[in-house]
Engineer: 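Okay, here's the structure, questions in a sec.
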Amino acid sequence: MFESLSDRLQGVFANLRGKGRLTEADINDAMRQIRLALLEADVNFKVVRDFVSAASARCMESEVLDSLTPAQNVVKVVLDELTRLLGEVNEGLGLSPNRVPNVIMLVGLQGSGKTTAAAKLAYLLKSQGRRPQLVACDVYRPAAADQLETLGGEVGVAVYRAPGTDPVAIARAGVQEAIDNLRDVVIVDTAGRLHVDDDMMAEAQGLKEAVEPDQILMVVDAMTGQDVVNVAAAFAERVDFDGVIMSKMDGDARGGGALSVRQATGKPIKFISSGERPDSLEAFHPDRMARRILG
Ligand code: GDP
């Protein structure tokens with residue numbers, strides 16, 4: 001992930017370091033290359049435009065151009081702007097302290113990694129001393145409930161599933177199951193579709209109204225690229241969501257989706273998942289990721 005972008009950026013910085021003093025033309029040239037590198041990483045073009053314009057303005061300031069180490073300061077500006085692009089700080093899960101059980105609802109396209117993320121999130125919360133309850137609300141694919149049951153078994157978290165075709169009834173019963181068993185967080189796994197469609201949105205909306213989630217997290221496959229902007233905008237408009245779980249960060253995606261989603265939707269990336277193991281979900285830290293990208 002991000003490898004090609006990292007290589008490109010490092011090349012730009014190496015070139016600047018070789019120059020000693022920098023002129024405005026040098027900065028312009030570097031910014032052009034950074035712009036191309038971001039576009040090639042499939043970052044949304046508006047996000048790229050804003051990024052380059054902010055970074056460029058800061059690099060033209062005399063503190064950068066006239067400093068003793070201008071190239072180093074350019075790197076610092078790009079690092080800052082990249083951190084800002086990714087959301088500045090980790091926003092935390094944001095559960096409500098006064099509600100038991102809290103309800104977290106996961107939404108996203110089919111195959112995005114929702115079911116896996118549900119189990120991983122349950123595992124993470126369990127390791128923090130919580131008593132989670134998973135609820136399988138994908139009524140179209142029995143295999144999804146089977147998968148959640150298997151994953152729940154692996155991480156030692158109870159999974160509620162029920163026959164029937166009404167996800168709202170299952171979600172309500174799942175919350176009741178959590179109450180009856182003194183569990184304090186309910187994670188509702190919902191059905192996805194291969195593409196955004198009205199039925200999926202209407203169902204997610206219905207579930208939202210029924211269980212009033214404290215957090216709605218959208219699971220996004222990191223391979224998605226800048227199309228994430230359209231998918232996320234559709235979810236934001238119809239169900240709204242509070243944050244993003246970026247899955248499959250261990251893949252060889254160019255990283256455009258991860259770099260675009262915050263700026264394009266205003267919603268923070270809260271967690272990243274980088275593998276199939278239950279413990280491969282971690283809180284997302286923009287500064288660490290930005291540093292990783294710059295190498
Ligand atoms: P859902 O349809 O949204 O519920 O997606 P699933 O949870 O079934 O995930 C789809 C596929 O992606 C499965 O084969 C998962 O094992 C895989 N997957 C999910 N998250 C990750 C991840 O972070 N890394 C990798 N390598 N694979 C993942």
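All ligand and atom numbering here is 1-based and tracks the order in the structure.
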Engineer: Starting from atom 3 (O) of ligand 1, find the nearest protein heavy-atom neighbour and note its residue, name and distance.
Structural biologist: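 Ranked first by proximity to atom 3 (O) of ligand 1 is Lys114 N, 2.8 Å.
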Engineer: Select one of side chain, backbone, both or neither to describe which atoms of Asp250 lie under 4.0 Å from any atom of ligand 1, heavy atoms only.
Structural biologist: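 Under 4.0 Å from ligand 1, Asp250 contributes side-chain atoms alone.
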Engineer: Which atom names give the shortest non-hydrogen contact between Arg21 and Asp66, and what distance separates them?
Structural biologist: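 Taking Arg21 first and Asp66 second, the nearest heavy atoms are NH2-OD1, 3.7 Å.
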Engineer: Yes or no: does Asp221 have any heavy atom under 4.0 Å from an atom of ligand 1?
Structural biologist: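 Asp221: no contact with ligand 1 (<4.0 Å).
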Engineer: Tell me: protein heavy atom nearest atom 8 (O) of ligand 1, and distance?
Structural biologist: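 Protein heavy atom at minimum distance: Gln147 NE2, 3.1 Å.
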Engineer: Can you name the atoms of ligand 1, numbered from 1 with element, that are less than 4.0 Å from a heavy atom of Leu109?
Structural biologist: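 Taking each heavy atom of Leu109 in turn, ligand 1 has 3 (O) under 4.0 Å.
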Engineer: Decide whether an N or O pair under 3.5 Å exists between Gly275 and ligand 1.
Structural biologist: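 There is such a contact, yes.
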Engineer: Donor-acceptor pair, distance only, cut-off 3.5 Å: does the side chain of Arg131 make one with the backbone of Asn181?
Structural biologist: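 Pair found, side chain donor or acceptor close to backbone of Asn181.
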Engineer: Look only at the side chain of Lys120 and the backbone of Leu281, and say whether a donor-acceptor pair between them is shorter than 3.5 Å.
Structural biologist: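 Absent.
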Engineer: Only heavy atoms count here, so choose which of Leu194, Thr116, Val219 is nearest to atom 13 (C) of ligand 1.
Structural biologist: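 Heavy atom nearest to atom 13 (C) of ligand 1 belongs to Thr116.
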Engineer: Is Arg193 positioned over the aromatic face of Tyr140, cation under 6.0 angstrom from the ring centre and no more than 45 degrees off axis?
Structural biologist: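 Yes, Arg193 sits over the ring of Tyr140.
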Engineer: Measure Lys120 to ligand 1 on non-hydrogen atoms and call it side chain, backbone, both or neither using the 4.0 Å cut-off.
Structural biologist: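 For Lys120, only side-chain atoms sit under 4.0 Å from ligand 1.
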Engineer: State plainly whether one hydrophobic cluster holds both Val135 and Ile104, where clusters connect Ile, Leu, Val, Met, Phe, Trp and Tyr through side-chain heavy atoms under 4.5 angstrom apart.
Structural biologist: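 Different clusters: Val135 never reaches Ile104 through Ile, Leu, Val, Met, Phe, Trp or Tyr contacts under 4.5 Å.
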Engineer: Any atom of ligand 1 sitting under 4.0 Å from a heavy atom of Ser112?
Structural biologist: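 Checking ligand 1 against Ser112, which is what was asked, there is a heavy-atom contact under 4.0 Å.
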Engineer: Does atom CZ (Phe2) have a neighbourhood of more than 12 heavy atoms from anything else shown, all under 6.0 Å?
Structural biologist: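 It does: Phe2 CZ has more than 12 such atoms within range.
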Engineer: In ligand 1, which numbered atoms sit nearer than 4.0 Å to a non-hydrogen atom of Arg141?
Structural biologist: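 Going through ligand 1 atom by atom, the ones under 4.0 Å from Arg141 are 2 (O).
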Engineer: After noting the C-alpha distance and the side-chain angles of Arg262 and Glu91, does the key distance pass the salt bridge (Lys or Arg N to Asp or Glu O under 4.0 Å) rule?
Structural biologist: CA-CA 12 Å; Arg262 169 69 203 234; Glu91 301 233 348; 3.3 Å; yes
Engineer: Taking all non-hydrogen atoms of both residues, which atom of Tyr160 and which atom of Ala173 are closest, and how far apart?
Structural biologist: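 Heavy-atom minimum between the residues: OH-CB, 3.2 Å.
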Engineer: Between Arg84 and Glu81, does a salt bridge (Lys or Arg N to Asp or Glu O under 4.0 Å) hold up when you go through it step by step?
Structural biologist: CA-CA 5 Å; Arg84 203 162 61 87; Glu81 291 298 325; 2.6 Å; yes
Engineer: Just to confirm my output: which protein heavy-atom neighbour is closest to atom 4 (O) of ligand 1, and how far is it?
Structural biologist: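 Closest protein heavy atom to atom 4 (O) of ligand 1: Thr115 OG1, 2.7 Å.
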Engineer: Please check if atom CD in Gln72 has more than 12 non-hydrogen atoms from other residues, nucleotides or ligands closer than 6.0 Å.
Structural biologist: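 Check fails, neighbour count at 12 or below.
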Engineer: Identify the protein heavy atom lying closest to atom 5 (O) of ligand 1, giving its residue, its atom name and the separation to 0.1 Å.
Structural biologist: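 Heavy-atom neighbour on the protein nearest atom 5 (O) of ligand 1: Gly113 N, 3.1 Å.
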Engineer: Where on Asp189 is there a heavy atom closer than 4.0 Å to ligand 1, on the side chain, on the backbone, on both, or on neither?
Structural biologist: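 The answer is neither.
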Engineer: Ser247 to ligand 1: N or O pair under 3.5 Å?
Structural biologist: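 So ligand 1 has no N or O lying under 3.5 Å from an N or O of Ser247.
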Engineer: Go through ligand 1 atom by atom and flag the ones less than 4.0 Å from a non-hydrogen atom of Gly111.
Structural biologist: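 In order of numbering, the contacting atoms are 1 (P), 2 (O), 3 (O), 5 (O), 10 (C).
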Engineer: Please indicate, with yes or no, if any protein heavy atom is found under 4.0 Å from atom 1 (P) of ligand 1?
Structural biologist: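 Under the 4.0 Å cut-off, atom 1 (P) of ligand 1 does have protein heavy-atom neighbours.
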Engineer: Using heavy-atom distances only, which candidate in Met249, Met223, Glu276, Lys248 approaches atom 12 (O) of ligand 1 most closely?
Structural biologist: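 That would be Lys248.
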Engineer: Does Asn102 reach the main-chain N or O of Ser96 with its side chain, forming a donor-acceptor pair under 3.5 Å?
Structural biologist: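 At least one qualifying donor-acceptor pair exists.
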Engineer: For a quick test of reading the model, state the closest non-hydrogen atom pair linking Asp138 to Ala191 and the distance between them.
Structural biologist: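 Result for this residue pair: OD1-CB, 3.4 Å.
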Engineer: Closest non-hydrogen protein atom to atom 23 (O) of ligand 1, residue and atom name please, with distance?
Structural biologist: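 It is Ser273 OG, 2.4 Å.
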Engineer: Residue-level breakdown please: for Arg193 versus ligand 1, do any non-hydrogen atoms fall below 4.0 Å on the side chain, on the backbone, on both, or on neither?
Structural biologist: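 Arg193 to ligand 1: no contact under 4.0 Å from either part.
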